[in-house]
Number of protein chains: 2
Amino acid sequence: MGKITIKDVAREAGVSISTVSNALNNVDVLNPVTKSHVLKVAKQLNYVPNLNGKQLRSGKTKMLGFFTTSVSGPYFYKLVESMSRECDRLGYGLNVFITKDRHVIMSNILGRRVDGAIIYEELRIDEEDITAMEKEKIKAVFLDRVLQNETMGSVIFDSYVAGYEATKYLISLGHKKIAYISGVDTMFDSVERKEGYLAALRQYQLPTSEDYILQGYFEEEGTYNAVKSFIHLHPDKLPDAFLAGNDVSAIGCIQALKKHGYEVPLDISVMGFDDIDIAQYFSPPLTTVRNQIARQGSLAVNHLVHMIQKKELGSAQKLACELVVRGSSHVKIDRNDHI
Amino acid sequence: MGKITIKDVAREAGVSISTVSNALNNVDVLNPVTKSHVLKVAKQLNYVPNLNGKQLRSGKTKMLGFFTTSVSGPYFYKLVESMSRECDRLGYGLNVFITKDRHVIMSNILGRRVDGAIIYEELRIDEEDITAMEKEKIKAVFLDRVLQNETMGSVIFDSYVAGYEATKYLISLGHKKIAYISGVDTMFDSVERKEGYLAALRQYQLPTSEDYILQGYFEEEGTYNAVKSFIHLHPDKLPDAFLAGNDVSAIGCIQALKKHGYEVPLDISVMGFDDIDIAQYFSPPLTTVRNQIARQGSLAVNHLVHMIQKKELGSAQKLACELVVRGSSHVKIDRNDHI
DNA sequence: CCTTTTCATGAATACGTTTTCATAAACTAA
DNA sequence: TTAGTTTATGAAAACGTATTCATGAAAAGG
């Protein structure tokens, strides 16, 4: 005996296919007696509807797709977890696609494997693809990416303000020589944070210098190496404080400083962005700027579902950030005082 | 103009539907001229095949489903990343479902949204469901779970040996009072590690005691609280070493010990399991037992695809572990010596 | 009692694709 | 040439479901 279909249930229950379909989908035109009878037979036969048939006919999958290059690291799993939770709440499933292949993404979206898409910015979908999606009236929400386009949604962090506030905070501690450890230059967050950092320096009339902008690639090891080589190259020009592009980077920075005998935060203050899980347990606990990651996830899903169900266009949403002061930053101490 | 289907391509190219299908799917019965002409027209119309139609007809989705309760934490993202990579390599897509709802899982599997399933043990699928899958000849691989059943695959870590070897190592450092911080008692790894721990103690004639088995729930905070209350209850009976159920737990343990003025590893050795990313950067760097997580992921996918394509039954695979000695463990120092 | 309305059900179609099978055309072997 | 064979193509069926519409029965209205 092969796979049991709606046909088998119909035959066994002595009714038509449409009646079974109506019973299973709670269409209230049925005699309650027939309905419960059909349901009983269906359960008894262990009937499970074939989703491909269902989806083909209805044109809906009740699935949202999250397209990303990676799920590694605290940012992603907080994000995915919150999206998943919100999907659950709204009666959708979440489909996580990890890929860098634009073609895979588009064929899944345009091929209707999902009802809508949430796309992580690093994927950099072209305008051309977005146009294709518009034509098909497909809804999408972009994360961490600003769009020229007004038809799709987006949820971004106000990273410019984050960078600005962080820098302002370091200045308020008395630091004057503040270095920035950059992430990846194609990424929105990274660039915005740097712009905010530069803006704050300018506002307080502090000098900005290319030497004080390192490349850490948002990675622990990348930052470790960058800071290490900075120390070797400019042992005399060490900054008062490092503003790392994210917490992972801040950790790499602190590792490198420790390794070379500097104490954080007494000798040098270090802070990051994101407030990842380990930030508070790290030694020293990280001063950082917290993004509302879970909020971003649930908002993206909410927005997308709204767009799908109300057939509306998307809009750009911006989330505020929050300064978290912990042990890796300290009021500037002039060591010369002690001599 | 609505969605472009294979029909439109056929009309536009002046051929039949079957010819278009053959051209697109590289069935080599076609005149190369017709084929390339069809392909050109398809591209020109921006045709993208509807996956639901495709899947319904062919009975295949070329998708594997990973069913899990969570993707949070280093274990999961390493696992997911490696599974995704392996799926790519084998021409499959990976579908991550985060849910605890048995019904959601079964309707996705039996409803053929995926060609096969990888199931994380915490979900505890019933025998009944497994039987249902067998009947439908659906293939599945279970992670971290041993099966009575011989029809499905499984990939587990040899956690018993891991627990045994870790304990043996601590004993070799001269520790005699060794406590175990348990994870979740329904989880295979947690139980096996504890059994290995107990076996090692017995073998070396060291006493085992219920007092020395704490509940940390595989969580930082849970462990922190457990260790804290242990210190309050038995300040005089502190162990020489803590063997934590995993690294996250070990970190919580060390936090608690530090908080109460104990030095790790000089006063007390602590070690964990898993070798998560931060283990080496933590202060002190964690001594731990490393599991081949990435290997588990790729093996599971490989095995599953093999089962699907060769229509074979699954088997149980066991992965060896590896002791990683770092700074959180130390040869036993009897502080009385110094007095 | 007849007409109209409501109610419950089933037959048939459509969704977009792959695949089987028939057929026509173009070769090959005598 | 004629029969047999290969090659390229298309018509039609099938996958499993939701949905539209027709139909018959029962209830309501007069």
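Here is how names work: the chains are called A, B, and so on, in the same order as the sequence lines, proteins then strands, and each is numbered from 1.
- With respect to the salt-bridge test (charged N to carboxylate O, under 4.0 angstrom), the residues Arg89(A) and Glu86(A) qualify.
- Rounded to whole angstrom, the span from the CG atom of Leu24(B) across to the C1' atom of dT19(C) amounts to 15 Å.
- Below 30°, between 30° and 60°, or above 60°: for Tyr120(A) and Tyr75(A) the angle between ring planes is between 30° and 60°, a tilted geometry.
- Taking CD1 of Ile138(A) as the reference point, atom CG of Leu110(A) lies at 4.5 Å (rounded to 0.5 Å).
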List the steps, then state whether side chain to side chain donor-acceptor pair (under 3.5 Å) holds for Arg112(B) with Asn50(A). CA-CA 6 Å; Arg112(B) 310 284 174 158; Asn50(A) 179 301; over 6 Å; no

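- Put simply, CG on Asn52(A) is 12 Å from C1' on dG16(C), counting in whole angstrom units.
- Although no hydrogens or angles enter the test, the distance criterion places no donor-acceptor pair under 3.5 Å between the side chain of His303(B) and the main chain of Ser154(B).
- Remark: the Lys35(A) side chain and the Asn26(A) side chain contain an N/O donor-acceptor pair separated by less than 3.5 Å.
- Ring orientation note: the planes of Phe66(A) and Phe76(A) are tilted relative to one another, at an angle of 30° to 60°.
- When the side-chain nitrogen and oxygen atoms of Lys3(B) are compared with OP1 and OP2 of dG16(C), none of them lie within a distance under 4.0 Å.
- Here dT17(C) presents its P atom at 14 Å from CG of Asn22(B), a figure rounded to the nearest Å.
- Per the geometry, CZ belonging to Arg112(A) stands 11 Å off P belonging to dT17(C), to the nearest Å.
- Mapping heavy-atom proximity under 4.0 Å, the span of DNA chain D touched by chain B runs 5' to 3' from dA8(D) to dG16(D).
- When the side-chain nitrogen and oxygen atoms of Ser21(B) are compared with OP1 and OP2 of dT18(C), one or more of them lie within a distance under 4.0 Å.
- At a threshold of 4.0 angstrom between heavy atoms, the contacts of Leu51(B) with the nucleic acid are absent.
- Within 4.0 Å of Asn25(B), counting heavy atoms only, lie sugar-phosphate atoms of the nucleic acid but no base atom.
- Candidate nucleotides dT19(C), dG16(C), dT13(C) were compared by shortest atom distance to the side chain of Asn50(B), and dG16(C) ranks first.
- Taking atom CZ of Arg57(A) as the reference point, atom C1' of dA14(C) lies 5 Å away to the nearest angstrom.
- A salt bridge is absent between Arg85(B) and Asp88(B); no separation between the charged side-chain nitrogens and carboxylate oxygens falls under 4.0 Å.
- Other residues, nucleotides and ligands place more than 12 heavy atoms under 6.0 Å from the CD atom of Glu127(A).
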With salt bridge (charged side-chain N to carboxylate O under 4.0 Å, His left out) as the test, would you mind laying out the steps for Arg124(B) and Glu121(B) before giving the verdict? CA-CA 6 Å; Arg124(B) 304 249 113 225; Glu121(B) 89 104 16; 3.1 Å; yes

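- Spacing between atom CG of Asn31(A) and atom P of dG10(C) amounts to 11 Å, rounded to whole angstrom units.
- Note: NZ (Lys7(A)) to P (dA11(C)) measures 13 Å, nearest angstrom.
- If Val29(B) and Leu56(A) are placed on DNA chain D by their nearest nucleotide, the residue sitting closer to the 5' end is Val29(B).
- Within the nucleic acid shown, Ser18(B) comes within 4.0 Å of at least one base atom, counting heavy atoms only.
- Annotation: proximity of residues 32-40 of chain B to DNA chain C (heavy atom, distance under 4.0 Å) is found for no residue.
- Following rounding to the nearest Å, Ile6(B) (CD1) and dT19(C) (C1') show an atom-to-atom distance of 11 Å.
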